[in-house]
2 protein chains.
Amino acid sequence: MANQTLVRHVNERRLLTVLRVEGARPRAALARRLSLTRAAVTSMIDDLLKRGLVREIASPQDPIPGKRDVGRPGIDVGLNPGGAHFLGVEIGVGAVRFALFDLSAEVVDTEAVPLPEAPSPADVVSLVARKLADLRSKKLCRETVRAVGVTVPGLVRSDGYVINLPILGWKKLNLARMLDQELDVPCYVENNANAAAFGEIYSSPRPNDAVVVYLKLGTGCGGAVIINDRLLRGADGLGTEFGHIHIESDGPLCSCGQRGCLETFVNLKALQRYFTREEVDEFHVDLRLPGKIAVLLTKQDPEARKAVDELSAHLAKGLINITNIFNPSEIVLGGAMLPILAEVCEAMKQPLRRGIIPGMTVPTLTVSRLGEFECAIGAAATAHHEEFDLSNLDLST
Amino acid sequence: MANQTLVRHVNERRLLTVLRVEGARPRAALARRLSLTRAAVTSMIDDLLKRGLVREIASPQDPIPGKRDVGRPGIDVGLNPGGAHFLGVEIGVGAVRFALFDLSAEVVDTEAVPLPEAPSPADVVSLVARKLADLRSKKLCRETVRAVGVTVPGLVRSDGYVINLPILGWKKLNLARMLDQELDVPCYVENNANAAAFGEIYSSPRPNDAVVVYLKLGTGCGGAVIINDRLLRGADGLGTEFGHIHIESDGPLCSCGQRGCLETFVNLKALQRYFTREEVDEFHVDLRLPGKIAVLLTKQDPEARKAVDELSAHLAKGLINITNIFNPSEIVLGGAMLPILAEVCEAMKQPLRRGIIPGMTVPTLTVSRLGEFECAIGAAATAHHEEFDLSNLDLST
DNA sequence: AATTAATTTGTATACTAACCAAACATAATT
DNA sequence: AATTATGTTTGGTTAGTATACAAATTAATT
């Protein structure tokens with residue numbers, strides 16, 4: 001429906017987003033920034049003050065003497081960080097990670113807990129419910145948790161329906177609805193690579209025509225693409241699963257039944273293989289290997305160097321294809337391989353520049369800034385976004 | 001800016017889109033469809049009637065006797081087709097094609113004229129200006145042309161800036177602005193594959209989560225992806241140029257400097273090579289070959305069959321990669337190879353089904369319905385869309 | 001058959017939300 | 001004291017909603 005409350009809804013979210021991204025400022029400055037009258041902004045701020053989402057900030061007493069402008073000085077209005085909180089939850093391999101956002105999208109709390117063996121969906125729901133109750137019992141956020149985001153390493157439709165989650169054996173499961181029914185706040189479910197990508201861009205928004213490709217390198221090789229602050233999804237939710245790009249005419253057998261898939265050349269098991277020069281058993285993959293290799297690299301260890309270079313060479317082939325298809329402005333790497341990713345980026349710069357279509361701008365290659373909790377942070381960002389940015393605004397017929 | 005006129009703007013376009021896509025109906029039905037009150041719809045229709053964009057349609061006199069509902073019968077309101085027109089222009093290889101849309105997005109006129117040798121941008125602008133003046137001199141659309149869309153076979157930014165147009169030697173050229181300055185109506189410039197794809201979906205909208213991949217097969221191999229009724233673009237406008245997907249480890253040298261690109265295996269020249277088993281000179285490519293081969297296919301000609309199968313086998317490899325990346329619900333083929341595309345689709349169905357990730361829904365494979373004028377029609381659809389659908393509505397901060 | 005009831009359409013009127021425009025009090029600098 | 005900018009107040013506009021009502025039809029009743 002599009003009635004006049006739509007206008008307020010849009011403007012309120014525009015205002016909150018400006019405050020989050022660009023910081024506190026007086027009403028008059030907000031009015032100019034949003035092309036609204038001061039009167040309109042006054043009315044909106046009045047409302048937001050009542051709801052505890054913004055606060056007036058006492059201006060510092062003449063911080064730079066003589067630098068003030070003429071005219072009556074304004075009163076800075078900024079987000080009230082404690083006015084709302086958002087819980088992000090990552091359902092990972094053997095562990096659940098929590099990250100708590102405040103209204104200004106700062107991480108104010110993190111926690112990792114072990115995940116019980118073969119948990120049922122109900123187990124996970126109650127785990128989240130307990131964490132939520134726990135948070136509310138503390139002074140930090142008694143009544144302020146506004147939404148919960150949950151990520152899973154599997155296929156998720158945009159409405160939070162889990163199509164397939166192989167590592168837990170879950171299939172065809174409306175996890176978002178289950179959470180919604182149990183938790184008295186809106187819940188959103190997202191694929192973990194998508195969430196990590198979203199978390200990455202959320203704190204530092206990109207220009208409007210930016211195209212960000214994110215790759216999550218760990219036990220598998222997940223991907224996400226963000227265009228215009230929106231995640232790209234496929235018809236089944238299977239889009240941007242970059243692990244199955246064909247990069248070689250032969251290679252190890254992939255879980256998808258084909259040979260030559262990127263995922264079989266770029267994952268923790270493959271890294272271990274490149275390093276030890278021996279086949280690795282599925283169950284003896286060393287999750288700490290990237291850290292160890294990173295240490296060895298600082299000591300100029302030739303074996304470590306070789307392993308990283310081999311991985312990088314394969315990944316570069318995949319990235320060239322991805323770049324030629326999406327023409328991204330930016331490629332971000334994240335995931336469990338974090339410790340060696342800076343080296344991987346360095347090793348790929350040359351081949352990437354040479355492999356892409358002439359005339360195409362070479363995308364920047366960077367490592368995710370979010371670290372171990374990137375998926376949980378991304379989940380919190382998803383929840384924050386749904387509640388406070390212009391998103392769930394469907395104006396189509 | 002988001003003020004109350006935004007609400008009317010949104011609702012008016014929602015209303016017009018419903019009338020275009022779903023047909024004429026009484027005000028009360030529109031109110032239900034749009035979740036507005038009848039009073040609001042009355043007010044909007046009053047305005048649209050004054051502007052000549054809609055008209056009341058006399059109900060057929062009891063077409064199905066006894067089938068009428070109780071209550072006062074409504075007066076159908078429908079688009080007034082002659083109330084607005086949109087000119088689509090394709091700048092093609094050696095030819096310019098025009099297609100004229102009426103308000104209901106029906107093609108009411110087409111024309112193809114030869115393009116002068118090595119035309120300057122100014123030549124093309126004045127060609128379009130002459131066509132526009134010509135149309136206005138006729139009774140069909142004296143004052144009603146609302147917008148012009150132009151397609152070019154090159155790289156175009158979303159603001160209509162032409163980055164590179166190799167076949168005409170144009171580069172870094174604000175064609176949209178040049179047209180705008182000359183033509184007294186809004187002008188939009190789009191890449192030809194993008195426009196053809198957009199034209200294809202415009203008349204029969206897809207469900208919200210549909211992902212449509214379009215491939216334009218002719219002298220080159222262009223592509224487009226439409227998600228949520230929006231075209232995917234890259235950072236430079238170079239996204240979805242599927243011609244440079246790597247499908248073989250070796251092959252003819254591509255214009256991009258690499259070997260193994262899809263475009264070197266799937267284009268008119270390659271088709272001729274597969275058919276004659278001889279290398280073909282750049283300047284002796286037979287533009288009518290697909291038609292000839294199509295005729296031979298009906299006579300079970302083995303050479304024609306071989307040529308089509310060889311082309312299909314290469315294209316299938318590319319489509320498998322594209323499908324695994326985008327997870328499309330639908331793949332549409334178009335372009336100069338039109339006469340043989342039904343056969344190509346048939347030949348690719350098997351390999352496509354086998355090559356994609358298990359669990360992914362197999363996309364439907366179809367041939368474009370628009371025919372020779374697909375780009376011009378797409379250009380007209382682009383113009384129609386910009387003026388009458390919810391599109392140029394940027395609510396971001 | 002005529003009347004009445006029921007139902008639905010389209011319009012009119014009053015009300016409301018949220019914007020803009022303009023005036024004004026306030027608080028600083030010049 | 002003059003100037004300038006902020007924040008609030010007041011009045012006006014737009015485009016909705018809610019409600020009431022006349023109009024046009026079918027269905028039911030007398």
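Numbered from 1 within each chain, the chains take letters A, B, ... in sequence-line order.
- Although no hydrogens or angles enter the test, the distance criterion places a donor-acceptor pair under 3.5 Å between the side chain of B:Asp159 and the main chain of B:Tyr161.
- The side chain of A:Leu36 approaches C:dC20 more closely than any other nucleotide in the set C:dA27, C:dC20, C:dG10.
- As judged by a 4.0 angstrom heavy-atom cut-off over every strand, B:Arg25 is placed among residues making no nucleic acid contact.
- Separating the CD1 atom of A:Ile45 from the P atom of D:dT6 is a distance of 14 Å, rounded to the nearest angstrom.
- Following rounding to the nearest Å, B:Leu49 (CG) and C:dG10 (C1') show an atom-to-atom distance of 13 Å.
- Place A:Ala40 and B:Ala28 on DNA chain C by their nearest nucleotides, and B:Ala28 ends up nearer the 5' end.
- The side chain of A:Arg38 has C:dA23 as its nearest neighbour among C:dA23, D:dA15, C:dG10.
- Between the CG atom of B:Leu15 and the P atom of D:dG16 there is a distance of 10 Å, given to the nearest Å.
- Distances shorter than 4.0 Å separate none of the side-chain N or O atoms of B:Asn11 from OP1 or OP2 on D:dA15.
- Along DNA chain C, the nucleotide nearest to A:His9 and the one nearest to A:Gly71 differ in position, and the one closer to the 5' end is contacted by A:His9.
- A donor-acceptor contact shorter than 3.5 Å links the side chain of B:Asn80 to the backbone of B:Gly52.
- Between B:Thr42 and the phosphate of C:dT11, there is a side-chain N or O to OP1/OP2 separation shorter than 4.0 Å.
- Between the P atom of C:dA18 and the CE atom of A:Met44 lies a distance of 10 Å, rounded to the nearest Å.
- The CG-C1' distance, from B:Asp76 to C:dT9, rounds to 12 Å in whole Å.
- A close approach under 4.0 Å does not occur between any side-chain nitrogen or oxygen of A:Arg72 and OP1 or OP2 of D:dT4.
- Considering B:Arg146, B:Arg13, B:Arg20 in turn, B:Arg146 is the only one that fulfils the side chain to side chain contact (heavy atoms under 4.5 Å, CB included) rule with B:Phe388.
- In this structure, A:Thr37 does not reach the C:dA21 phosphate: none of its side-chain N or O atoms is under 4.0 Å from OP1 or OP2.
- Regarding A:Leu30, its CG atom lies at a distance of 13 Å from the C1' atom of D:dT6, rounded to whole Å.
- The listed nucleotides are C:dA28, D:dT8, C:dA18; the one nearest the side chain of A:Arg8 is C:dA18.
- Counting to the nearest Å, the C1' atom of D:dT17 and the CG atom of A:Leu6 are 15 Å from each other.
- Rounded to whole angstrom, the span from the CG atom of A:Asp46 across to the C1' atom of D:dG7 amounts to 10 Å.
- Nearest nucleotide to the B:Val7 side chain, out of D:dT14, D:dG16, D:dT6: D:dG16.
- Proximity of a side-chain donor or acceptor of A:Asp180 to a complementary backbone N or O of A:Cys187 within less than 3.5 Å is detected.
- Aromatic ring pairs are classed by plane angle as parallel below 30°, tilted from 30° to 60° and perpendicular above 60°; the pair B:Tyr202 and B:Phe101 is parallel.
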